[in-house]
Protein chains: 2
Amino acid sequence: MIFHIVPNTLEGLGFVPVRRRKKTGKSERLVTSFISTYENKVDRKGRVSVPAAYRSVLGTESYQGVIAYPSITHSVIEAFGRGMLDDLNQRKFNQTLDGGDFTQALIGRSDDGLVETVMAISSELPFDGEGRIILPARLIKHAGITDRATFVGRGTRFQVWAPGVYEKHQAAEVEALRAKLSGGGTL
Amino acid sequence: MIFHIVPNTLEGLGFVPVRRRKKTGKSERLVTSFISTYENKVDRKGRVSVPAAYRSVLGTESYQGVIAYPSITHSVIEAFGRGMLDDLNQRKFNQTLDGGDFTQALIGRSDDGLVETVMAISSELPFDGEGRIILPARLIKHAGITDRATFVGRGTRFQVWAPGVYEKHQAAEVEALRAKLSGGGTL
DNA sequence: TTGACTCCCATAGATACCCATGATATTCCA
DNA sequence: TGGAATATCATGGGTATCTATGGGAGTCAA
């Protein structure tokens, strides 16, 4: 008997806001998350086009650009929209308040300190008129990027890799998944 | 993430792909899952018509198109509606944040990495005005598709095969079932 | 002045949108 | 009930638009 693994019943939880973007006047397109991978060129000025599909995810955010920081665990740049950043802050704020720990909320010190750390090492990267960003030297170096960059969608956020590094990482990732499914499932 | 393991549907037993459109009564309007098999042409621009019956399944979704990724276990393209993808994301996002696990949300490490990986290897394939999609070169190659494609309904999702590859796969699938049932069971 | 950065324009190729056609199904009415 | 008018679908092709990319001009600060 062949088995397929499928997600259980799906009902929208309505958390991630649905954003509308007008295309050529006639049809509207709805995009809500970062998916797929794209490889773009880094020009001599250090500019890279953020894939149009990703930009459309951020389409209606007031701040036209992305937040990026070096991954703490891998040679890769993590990135997302300002909305995500605000949401993280808000949730963290609410969590500390709900727990009655006003000191934490006010002084801004928590046990893990991760959110604070990320805030500290993050950069705001605004789009230019053509939807490009300039990767700061610090991030370029961290990811080992030279003249090309691979954009990898991760749903609520995306990553920027050096193509070669990503290739290896991706192969390992898929292999791990395959091993996990070796019990007879298909994916 | 929660998964249910369900048996593969058996609609394919001795099933021959329909070349021409099926008789579509009004009852088919009510179909809510992907069933049956169709073989369509891939034109010079790489476009394929998604069977109308499948499109009607997605009819109520705001985004008009499908999400597709290369199966990691077979030479086939897996596809499903946008709603399922968003739901996967939201569940994962809420789950990690609600549990206060900012590490997972930011660094993106989950237990299995399934959602992460699927997001990265998935492509968003919007319908054109005629209900066609363009199969990306990456997926075409993975499935070994040339000028024709076989759409196979699998309930909550569907697959796109190279016709020849599917024929063999299907024969093996049926044969395995037959062997299993040869003890006297009926189907 | 130099260097870093932003804004603006140009362009080739990819993509989306539009219209057309033949085949088949369905509706509707004499 | 037969058949003409209408609707749906898969398919093909032309064209306008968008995207990624390159480069130049203007601004600002040291």
Side-chain angles (χ1 to χ4, degrees), chain A residues 21-31 34 36-59 63-66 123-140 145-151 153 158 160 163, chain B residues 17-29 31 36-59 63-66 68 123-140 145-151 158 160 163:
Chain A
R21 175 182 168 237
K22 219 163 195 177
K23 295 228 63 179
T24 44
K26 285 238 168 168
S27 65
E28 275 181 313
R29 194 172 166 193
L30 291 157
V31 185
F34 302 105
S36 194
T37 73
Y38 303 86
E39 185 180 321
N40 285 346
K41 184 132 191 276
V42 180
D43 70 16
R44 267 177 298 182
K45 295 181 180 180
R47 299 177 298 189
V48 214
S49 285
V50 174
Y54 290 7
R55 298 201 305 265
S56 75
V57 175
L58 309 166
Y63 172 69
Q64 282 301 90
V66 301
S123 304
E124 284 198 5
L125 310 180
F127 293 141
D128 69 8
E130 283 69 42
R132 288 173 291 198
I133 56 177
I134 295 181
L135 297 174
R138 181 174 55 95
L139 296 181
I140 289 266
I145 291 171
T146 56
D147 65 332
R148 303 198 68 84
T150 301
F151 289 77
F158 65 90
V160 188
Chain B
V18 278
R19 307 252 163 193
R20 282 280 140 220
R21 179 157 63 109
K22 250 185 76 176
K23 277 192 180 179
T24 54
K26 281 188 177 169
S27 57
E28 282 225 347
R29 276 284 132 77
V31 169
S36 193
T37 304
Y38 304 85
E39 184 180 322
N40 284 345
K41 182 135 193 276
V42 180
D43 70 16
R44 265 178 300 183
K45 294 182 179 179
R47 299 177 299 190
V48 214
S49 285
V50 173
Y54 290 9
R55 299 200 306 264
S56 76
V57 174
L58 305 167
Y63 170 72
Q64 283 302 94
V66 301
S123 298
E124 197 168 6
L125 310 180
F127 294 142
D128 68 8
E130 285 69 43
R132 289 172 291 197
I133 56 177
I134 296 181
L135 296 175
R138 216 186 324 185
L139 296 182
I140 289 266
I145 291 171
T146 55
D147 65 332
R148 303 197 68 83
T150 300
F151 289 76
F158 64 88
V160 188

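From a predicted model like this one, the values you see are computed outputs, not experimental measurements. All values below were derived from every heavy atom in this structure, side-chain atoms included, with hydrogens, water molecules and symmetry-related copies excluded. First the proteins, then the strands, lettered A, B, ... as listed; each starts at 1.
Closest to the A:Asn40 side chain, of the nucleotides D:dG12, D:dA10, D:dA20, is D:dA20.
Residue B:Arg55 has no polar side-chain atom (N or O) positioned under 4.0 Å from OP1 or OP2 of D:dT8.
A:Tyr38 meets the ring-ring contact (aromatic ring centres under 6.0 Å, His included) test with A:Tyr54; sequence neighbours excluded.
A straight line from CD1 of A:Ile134 to C1' of C:dT6 spans 8 Å, rounded to a whole angstrom. Remark: C1' of C:dT6 and CD of A:Gln64 are 16 Å apart, rounded to the nearest angstrom. Rounded to whole Å, the distance from NZ on B:Lys41 to C1' on C:dG22 is 14 Å. Taking atom CD of residue B:Glu124 and atom P of nucleotide C:dT15, one finds them 14 Å apart after rounding to whole Å. To the nearest angstrom, P of C:dC18 lies 17 Å from CZ of B:Phe127. The nearest whole Å value for the distance from the CG atom in A:Leu135 to the P atom in C:dC5 is 12 Å. At whole-Å resolution of the value, CG in B:Leu125 and C1' in C:dA14 are 15 Å apart. As rounded to whole Å, 17 Å separates atom P of C:dT24 from atom OH of B:Tyr38.
Two residues are said to be in side-chain contact when any heavy atoms from C-beta on lie closer than 4.5 Å; A:Lys45 and A:Asp128 fail this criterion. Side-chain contact check for A:Val57 versus A:Phe158: every heavy-atom pair is 4.5 Å or farther apart. Taking 4.5 Å as the limit, every side-chain heavy atom of A:Ile134 sits out of range of all side-chain heavy atoms of A:Leu125. Looking at B:Lys41 and B:Ser49, their side chains never come closer than 4.5 Å, going by heavy atoms from C-beta outward. A:Thr150 is not listed as a side-chain neighbour of A:Val160, based on a closest heavy-atom distance of 4.5 Å or more.
Taking the screw axis at each terminus of the helix from C:dT1-D:dA30 to C:dA30-D:dT1 from five consecutive base pairs, the angle between the two is 40° to within rounding of 10 degrees.
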request  = Quick one, give me the B/S/- string for nucleotides 23-30 of chain D, reading 5' to 3', where B means a protein heavy atom under 4.0 Å from the base and S means that only happens at the primed atoms, P, OP1 or OP2.
outcome  = BB------
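A:Arg148 places no side-chain N or O within 3.5 Å of a backbone atom of A:Val42 that could act as its donor or acceptor partner. Checked by atom type and distance alone, the side chain of A:Asn40 never pairs as donor or acceptor with a backbone atom of A:Ala149 at under 3.5 Å. The closest donor-acceptor contact from the side chain of B:Arg132 to the backbone of B:Phe127 lies at 3.5 Å or more, if one exists at all.
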